[in-house]
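This structure is a prediction, so every number in the text was calculated from the model and none was measured. So that the names make sense, note that chain A is the first sequence line, chain B the second, and so on, each numbered from 1.
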Amino acid sequence: MPELPEVETVRRTLAPHVIGRTFTKADVKHVPMVRPHTPSEFSKALAGQTVNTINRLGKYLIFELDTLALIVHLRMEGKFFLGDKNAPVRSHEHVRYHFNDGGSLIYDDVRKFGTHTLKPLATHRETPPLSTLGLEPGDPMLDVDYLISKLTTTRTIKSALLDQSIILGLGNIYVDEVCFCAKIRPTTRAHRLTKTSVHRLIECATSVIAHAVALGGSSIRSYTDSLGVSGRFQNELNVHLREGEPCLVCGETIKKIRVAGRGTYYCRRCQKA
DNA sequence: CCGAATTCCTGTTGGC
DNA sequence: TGCCAACAGGAATTCG
């Protein structure tokens with residue numbers, strides 16, 4: 001599932017291919033994907049708009065057009081492909097964006113969970129969903145005081161770290177890795193964490209995400225290549241998907257449990273906080 | 001308001 | 001080997 005590092009990789013890969021190109025229309029095959037727009041109003045609004053830049057906020061891709069922002073969330077398995085006018089329809093193709101040069105940008109998504117929405121460019125960051133988002137790992141504003149103020153909840157720290165209004169961009173894989181790095185058990189109640197643990201959490205979120213971005217993200221079963229996007233971070237995972245294998249730090253067997261409704265991997269010896 | 005459960009969706013996996 | 005239920009999960013929505 002694409003998390004911040006995978007989405008950043010998609011952004012970097014896509015940018016040189018689509019910046020400067022102008023849309024003529026979009027064929028929407030899965031109607032709910034462009035909600036609340038109807039396919040025809042979505043397509044008409046895009047016509048004549050040029051892609052000036054592609055940004056990213058957390059796991060959201062933001063295509064900045066002339067007067068609109070096209071905000072795309074890949075959710076689990078969304079992928080982009082570039083095609084020409086004769087590109088065959090892909091098996092899970094749901095949206096095809098057409099450019100005035102005859103080319104196309106194809107969105108493919110097995111589970112149809114992705115979302116594509118249009119917002120006025122001038123105010124897109126001030127309205128949901130972007131307006132509700134927290135701070136990205138590496139943002140200087142993400143300090144101990146900020147995080148402690150957000151962790152007054154009784155939920156588990158895993159649940160809190162998955163909450164995009166607190167820290168941005170972490171999903172199931174990276175939350176497990178960040179908790180391992182910070183020596184924090186995923187089941188610990190957020191408000192019970194010490195200041196020292198919260199400090200480690202920030203350091204780890206920053207370092208794990210930076211390392212994953214540098215390696216182009218992770219390619220695992222539910223998220224693989226599109227546009228030549230093939231990350232190498234899956235080879236660096238310390239706990240995620242390693243149930244039954246020895247902890248790379250202490251040798252203890254990695255456990256898998258269920259936390260916040262998600263498969264969760266941790267080392268019971270290293271993660272005691 | 002808070003947090004847990006449900007919903008969306010389909011390919012893969014595991015148990016019998 | 002074949003069948004089918006369970007599972008995977010981000011975030012919006014519903015429920016208690």
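- Close to C:dG10, at under 4.0 Å from its OP1 or OP2, lies no side-chain N or O of A:K59.
- Taking side-chain N and O atoms only, A:H94 has no distance below 4.0 Å to OP1 or OP2 of B:dC9.
- Looking at heavy-atom distances under 4.0 Å, A:R35 makes no contact with the nucleic acid at all.
- Atom pair A:L162:CG and C:dA8:C1' shows a separation of 14 Å (rounding to whole Å applied).
- The backbone N or O of A:D66 lies less than 3.5 Å from a partner atom in the side chain of A:Q49, making a donor-acceptor pair.
- The residue A:T154 sits close only to the backbone: its heavy atoms come under 4.0 Å of sugar-phosphate atoms, none of a base.
- Ranked by how close their nearest DNA chain B nucleotide is to the 5' end, A:H30 and A:R262 are led by A:R262.
- Among the atoms of the strands shown, none is found under 4.0 Å from any heavy atom of A:K158.
- In this structure, A:T264 and A:R258 have side chains that are not in contact, with every pair of non-hydrogen atoms separated by 4.5 Å or more.
- Salt bridge annotation for A:D163-A:R155: present, with a cationic side-chain nitrogen under 4.0 angstrom from a carboxylate oxygen.
- Distance A:M33 CE to B:dC9 P: 10 Å, rounded to the nearest Å.
- The separation between A:Y174 atom OH and C:dG10 atom P is 12 Å, rounded to whole Å.
- Taking atom CG on A:D109 and atom P on B:dG11, their separation rounds to 12 Å, with Å as the unit.
- Contact check, A:K256 against C:dA8: a side-chain N or O comes under 4.0 Å of OP1 or OP2.
- Phosphate contact (OP1/OP2 of C:dA11, side-chain N/O of A:Q164, threshold under 4.0 Å): present.
- Listed pair A:R258 / C:dA8 meets the phosphate criterion, a side-chain N or O lying under 4.0 Å from OP1 or OP2.
- Between A:L130 atom CG and C:dA11 atom P the separation is 12 Å, expressed in whole Å.
- We find that NE2 of A:H240 is positioned 10 Å from C1' of C:dG9, with the value rounded to whole Å.
- In this structure, A:R155 reaches the sugar-phosphate backbone alone: every heavy-atom distance under 4.0 Å involves primed, P, OP1 or OP2 atoms, never a base.
- For the OP1/OP2 pair of C:dA11 and a distance below 4.0 Å, the side-chain nitrogens and oxygens of A:T115 include no atom meeting the criterion.
- One can find a donor-acceptor pair under 3.5 Å joining the base of C:dG9 and the side-chain atoms of A:R111.
- Within 4.0 Å of A:G263, counting heavy atoms only, lie sugar-phosphate atoms of the nucleic acid but no base atom.
- Contact between the side-chain N/O atoms of A:H73 and the OP1/OP2 oxygens of C:dA11 is found at a separation under 4.0 Å.
- In this structure, A:K79 atom NZ and B:dG11 atom P are separated by 12 Å, rounded to whole Å.
- Screening residues 235-273 of chain A for disulfide bond (SG atoms under 2.5 Å apart) gives no qualifying pairs among residues at least two apart or on separate chains.
- Within the 4.0 angstrom heavy-atom criterion, no nucleotide atom of any strand lies near A:S159.
- Computed from coordinates, the A:K112 NZ to C:dA11 C1' distance equals 19 Å when rounded to whole Å.
- Remark: the backbone N or O of A:E203 is paired with a side-chain donor or acceptor of A:S207 at under 3.5 angstrom.
- Between A:Y107 and A:H94, the ring centre distance reaches or exceeds 6.0 Å.
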